[in-house]
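Throughout, numbering of the chain's residues begins at 1 and tracks the sequence.
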Amino acid sequence: MQRALPGARQHLGAILASASVVVKALCAAVLFIYLLSFAVDTGCLAVTPGYLFPPNFWIWTLATHGLMEQHVWDVAISLATVVVAGRLLEPLWGALELLIFFSVVNVSVGLLGAFAYLLTYMASFNLVYLFTIRIHGALGFLGGVLVALKQTMGDCVVLRVPQVRVSVVPMLLLALLLLLRLATLLQSPALASYGFGLLSSWVYLRFYQRHSRGRGDMADHFAFATFFPEILQPVVGLLANLVHGLLVKVKICQKTVKRYDVGAPSSITISLPGTDPQDAERRRQLALKALNERLKRVEDQSTWPSMDDDEEESGAKVDSPLLSEKAPTSPGKGATPESSLITFEAAPPKL
């Protein structure tokens with residue numbers, strides 16, 4: 001362990017040295033708030049439902065709750081999440097868009113979580129849901145990063161045995177957190193933060209994120225139903241379409257627009273808003289790579305005979321004919337070849 005620590009520190013230092021100002025600032029804020037918690041009570045930085053809404057209006061907690069951690073392992077998860085987002089998402093989006101994504105997800109998690117606990121209080125009249133519950137931590141942003149990775153590199157394999165792709169990781173982690181919550185090993189704010197992080201990040205990336213060709217990503221592989229198992233996708237897709245139609249009517253979401261390029265030289269080109277040609281080319285390369293791997297696997301499993309083996313087999317057939325050797329003939333008679341046909345002689349007439 002002592003030998004591995006210097007290497008880990010050196011590797012982490014190299015990652016942070018090549019990171020952008022946004023990643024460094026977020027990591028520094030997480031570490032600063034964690035160290036500050038040893039000196040003062042940092043509970044005022046977490047979202048407390050009873051204090052967020054009137055008459056208190058602790059609005060600043062919407063910006064600080066995603067940076068507040070109380071345990072060292074939570075700090076490690078927060079730093080790892082920010083670093084992964086900086087390494088995989090920032091080159092595609094840019095530092096400013098990554099900061100916007102971080103802000104949108106954390107503000108949405110704070111608002112949705114506080115509103116959910118407010119409804120729970122209205123149903124149970126238990127003041128614990130208003131003044132004891134504290135929503136904080138990076139689980140909401142972790143859910144958002146996993147959704148973004150599903151969008152950009154969902155075909156990549158995380159584990160080979162069993163084979164797990166990036167596209168199924170968000171729901172697998174949600175199921176794991178749900179099991180931990182049922183076993184009372186996880187508090188409800190953590191599960192709520194992750195769930196609302198998944199939902200808010202998908203809504204933002206699906207409908208509102210700005211691209212060179214419009215807003216959002218209306219690709220089929222990023223539909224809401226694709227987060228669920230295939231047996232549930234038809235039902236979930238039907239419900240999602242109904243909700244989307246309702247949101248379009250109240251002008252919260254925009255209707256899907258298809259553009260037809262009639263002047264294309266080869267054929268009519270149909271484009272959806274948010275579909276980037278670079279992203280389509282990346283998916284095509286991934287599909288070709290997967291096809292080549294499957295073909296190579298099939299070639300390895302099947303043994304094809306070589307040309308030398310075919311010549312040896314044909315030579316063996318010539319040397320040993322199928323017909324048997326000639327049978328000996330009686331003297332005085334000509335040698336006649338033995339026939340392979342069976343002949344029948346006529347029976348003598350009855351007397």
Side-chain angles (χ1 to χ4, degrees), residues 41-70 74 101-147 170-171 173-208 224-225 227-228 232 235-253:
D41 184 14
T42 56
C44 60
L45 301 179
V47 171
T48 305
Y51 295 138
L52 180 63
F53 298 113
N56 297 286
F57 282 113
W58 286 12
I59 302 298
W60 66 86
T61 58
L62 295 176
T64 58
H65 76 93
L67 303 172
M68 175 189 167
E69 300 291 357
Q70 293 181 338
D74 295 331
F101 181 71
F102 177 82
S103 303
V104 168
V105 171
N106 281 284
V107 171
S108 302
V109 167
L111 286 174
L112 293 175
F115 187 70
Y117 281 111
L118 179 62
L119 294 179
T120 307
Y121 164 74
M122 295 174 63
S124 62
F125 296 100
N126 189 353
L127 291 176
V128 172
Y129 296 109
L130 285 183
F131 301 104
T132 305
I133 293 294
R134 292 181 177 180
I135 302 173
H136 63 89
L139 278 180
F141 184 58
L142 174 61
V145 171
L146 292 178
V147 171
M171 298 306 291
L173 185 55
L174 179 62
L176 177 61
L177 294 178
L178 182 59
L179 292 177
L180 294 177
R181 175 56 189 164
L182 294 176
T184 66
L185 298 177
L186 187 71
Q187 296 181 354
S188 62
L191 179 61
S193 298
Y194 181 78
F196 288 130
L198 291 179
L199 180 62
S200 60
S201 61
W202 177 80
V203 171
Y204 173 73
L205 296 175
R206 182 73 169 176
F207 301 106
Y208 298 106
F224 186 73
F227 286 85
F228 296 85
L232 299 177
V235 178
V236 176
L238 178 61
L239 296 176
N241 291 333
L242 292 176
V243 174
H244 179 257
L246 180 61
L247 295 178
V248 169
K249 289 183 178 181
V250 297
K251 297 183 179 180
I252 296 179
C253 295

Leu239 side chain reached by Val243 side chain, heavy atoms, under 4.5 Å: no
Audit row: Leu45, Leu67, side-chain contact (heavy atoms from CB on, under 4.5 Å) steps and yes/no: CA-CA 9 Å; Leu45 301 179; Leu67 303 172; over 6 Å; no
For the student: nearest non-hydrogen atoms of Asp41 and Cys44, plus distance: O-SG, 4.2 Å
Heavy-atom side-chain proximity of Leu238 to Asn241 below 4.5 angstrom: no
For Pro170 against Leu198, the heavy-atom pair lying closest together: CB-CD2, 3.9 Å
Non-hydrogen atoms of Asn106 and Gly66 that approach each other most closely: OD1-CA, 3.3 Å
Qualifying residues under ring pair (Phe, Tyr, Trp, His ring centres under 6.0 Å), relative to Phe115, sequence neighbours excluded: none
Residue pairs fulfilling side-chain hydrogen bond (donor to acceptor under 3.5 Å, both in side chains) with at least one residue in residues 53-64, sequence neighbours excluded: none
Distance (rounded to the nearest 0.5 Å) between Leu179 CG and Leu185 CG: 10.0 Å
Taking distance alone, no hydrogens or angles, what donor-acceptor pairs closer than 3.5 Å link side-chain atoms of residues 118-128 to residues at least two apart or in another chain?
unit_1, atom_1, unit_2, atom_2, d
Thr120, OG1, Ala116, O, 2.8
Ser124, OG, Thr120, O, 2.8
Asn126, OD1, Val128, N, 3.2

Exam field: side chain His136 to backbone Met68, donor-acceptor pair closer than 3.5 Å: yes
With Phe101 via ring pair (Phe, Tyr, Trp, His ring centres under 6.0 Å) - residues at least two apart: Trp93
For the student: nearest non-hydrogen atoms of Ile135 and His65, plus distance: O-CB, 3.3 Å
Inter-residue atom distance Glu69.CD - Thr42.OG1, 0.5 Å rounding: 10.0 Å
Arg181 side chain to Leu186 backbone, donor-acceptor under 3.5 Å: yes
For the student: nearest non-hydrogen atoms of Phe53 and Pro49, plus distance: CD1-O, 3.3 Å
Residue pair Phe228 / Val235, side-chain heavy-atom distance below 4.5 Å: no
Residue pairs, two or more places apart or on separate chains, that pass side-chain hydrogen bond (donor to acceptor under 3.5 Å, both in side chains) and touch residues 186-207: Glu97-Tyr204, Tyr117-Ser188
Interatomic spacing from CD1 in Ile59 to CG in Leu52 - rounded to 0.5 Å: 5.5 Å
Nearest-0.5 Å distance that lies between atom CG in Leu111 and atom CG in Leu62: 5.0 Å
Partner residues of Phe102 under the ring pair (Phe, Tyr, Trp, His ring centres under 6.0 Å) criterion, sequence neighbours left out: Phe141
